[in-house]
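Reading through the structure tokens given below for one structure.
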Amino acid sequence: MTTLDKKYDTTAVQPMVVADRVCKSFGALQVLKGISLEVGRGDVLCLIGPSGSGKSTFLRCINHLERVNAGRLYVDGDLIGYREKEGKLYELNPRDAAKQRRDIGMVFQHFNLFPHRTALENIIEAPTQVKKLPRADALTRAHELLDRVGMGDKANAYPAQLSGGQQQRVAIARALAMDPKLMLFDEPTSALDPELVGEVLGVMRELAADGMTMVVVTHEMGFAREVADQLVFMDGGVVVEAGNPREMLANPHRERTKAFLSRLL
């Protein structure tokens with residue numbers, strides 16, 4: 001239960017994501033120390049920063065895979081993970097939290113595909129089991145998504161028969177099968193061999209061009225420069241600097257940002 005003194009104005013035109021002073025601790029370790037930011041509809045926000053800065057934890061808070069200890073997170077105007085009563089927040093039961101999560105696609109670093117199911121079977125699992133979509137409709141949609149990510153000829157392949165880049169593209173198609181309003185990417189290329197990175201980033205570029213709202217934790221500065229609408233540098237659980245990606249990468253204002261980027265660019 002968390003008490004907060006500010007309520008997000010849901011009568012205004014809403015960004016897709018609003019984080020208001022989000023805090024998260026694991027025991028005595030405070031990982032997020034009051035993160036506040038917004039992501040506009042159809043925008044791409046890239047989160048960068050050193051390991052342990054809180055980027056992935058923040059991403060997991062957006063879809064309530066991690067509980068926040070203070071602050072609020074809204075997606076499409078809905079308070080995530082909690083309901084409010086008399087100024088206090090109470091955590092949603094698992095079923096209601098899962099309903100919210102259906103609208104938020106997430107792509108993980110290590111693919112997380114079911115190894116005993118084909119690419120096609122991985123994609124239709126959630127739509128048929130969670131949304132109760134008829135299997136025939138789910139299969140049609142799955143084939144369309146596999147074509148979209150350049151994997152139409154691998155529908156019957158098992159994950160072990162696919163490269164890392166191919167598995168990640170299937171994982172993206174699986175997330176898209178739920179027709180999410182928001183996509184979260186947690187370092188989607190960091191586990192890939194360098195020559196496979198481009199094929200995954202290419203799919204993400206196409207999603208951005210199609211207007212998908214995305215929050216991406218990444219070390220791919222070229223992608224951030226080319227695709228992102230907003231770049232956020234985190235360190236020590238706080239937002240150190242945020243702004244236009246091209247301007248920020250070319251001329252960061254904070255010394256900590258300069259030091260970090262000097263090792264990447």
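Along the sequence shown, residues carry numbers from 1.
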query = What do the steps show when you test M16 against V75 for side-chain contact (heavy atoms from CB on, under 4.5 Å), and what is the final call?
reply = CA-CA 5 Å; M16 181 60 75; V75 173; 4.2 Å; yes
request  = Would you check, one step at a time, whether the test side-chain contact (heavy atoms from CB on, under 4.5 Å) holds for V200 with I172?
outcome  = CA-CA 9 Å; V200 173; I172 293 173; 4.1 Å; yes
task = Would you please test R72 and D20 for salt bridge (Lys or Arg N to Asp or Glu O under 4.0 Å) and show each step?
result = CA-CA 5 Å; R72 301 183 185 211; D20 179 19; 5.5 Å; no
task = Apply salt bridge (Lys or Arg N to Asp or Glu O under 4.0 Å) to the pair R60 and D186, showing each step before the final yes or no.
result = CA-CA 9 Å; R60 291 171 65 85; D186 190 5; 5.8 Å; no
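Residue-environment remark: NZ (K99) stays at or below the threshold of 12 foreign heavy atoms within 6.0 Å. For R67, the CZ atom sits in a loose shell: 12 or fewer heavy atoms of surrounding residues, nucleotides or ligands are nearer than 6.0 Å. More than 12 non-hydrogen atoms from other residues, nucleotides or ligands lie less than 6.0 angstrom from CZ of R263. By the 6.0 Å contact criterion, CZ on R246 is enclosed, its count of non-hydrogen atoms from other residues, nucleotides or ligands being greater than 12.
Following chains of ILVMFWY side-chain contacts shorter than 4.5 Å, one cannot reach L73 starting from M214, and the two form parts of different hydrophobic clusters. A single hydrophobic cluster is not seen to contain both F233 and V216; linkage of ILVMFWY side chains at heavy-atom distances under 4.5 Å, directly or through other members, places them apart. The cluster map of Ile, Leu, Val, Met, Phe, Trp and Tyr, joined by side-chain heavy atoms under 4.5 Å apart, puts F185 and L37 in different clusters. Linking Ile, Leu, Val, Met, Phe, Trp and Tyr residues whenever their side-chain heavy atoms come within less than 4.5 Å places L196 and L162 in a single cluster.
Note that CD of E206 and CE of M212 are 12.5 Å apart. Values are rounded to the nearest 0.5 Å. The OG1 atom of T213 lies 6.5 Å from the CG atom of L182; values are rounded to the nearest 0.5 Å. For the atom pair CD (E66) and OG (S25), the distance works out to 11.5 Å, reported to the nearest 0.5 Å. In this structure, the separation between CG on L146 and CG on L120 is 6.0 Å, given to the nearest 0.5 Å. For the atom pair CD (Q167) and NZ (K154), the distance works out to 12.0 Å, reported to the nearest 0.5 Å. Remark: D137 CG to L139 CG distance equals 9.0 Å, nearest 0.5 Å.
E91 and H64 share a donor-acceptor pair across their side chains, judged by distance under 3.5 Å alone. No side-chain N or O of T118 forms a donor-acceptor pair with one of N156 less than 3.5 Å apart. In the model, S190 has a side-chain atom that pairs as donor or acceptor with a side-chain atom of Q109 under 3.5 Å. Using modelled atom types and a 3.5 Å distance limit, the side chains of E241 and T257 yield a donor-acceptor pair.
Two rings, from Y82 and Y90, have their centers 6.0 Å or more apart.
For the pair A19 and V22, the tightest heavy-atom approach, listed with the atom from each and the gap, is CB-CG2, 4.0 Å.
Taking 4.0 Å as the cut-off between side-chain N and carboxylate O, R83 and D96 do not count as a salt-bridged pair. Contact check on D210 versus R148 returns a salt bridge, with a Lys/Arg side-chain nitrogen under 4.0 Å from an Asp/Glu carboxylate oxygen.
Remark: K24 is positioned above the aromatic ring of F26, its terminal NZ or CZ atom under 6.0 angstrom from the ring centre and at most 45 degrees off the axis.
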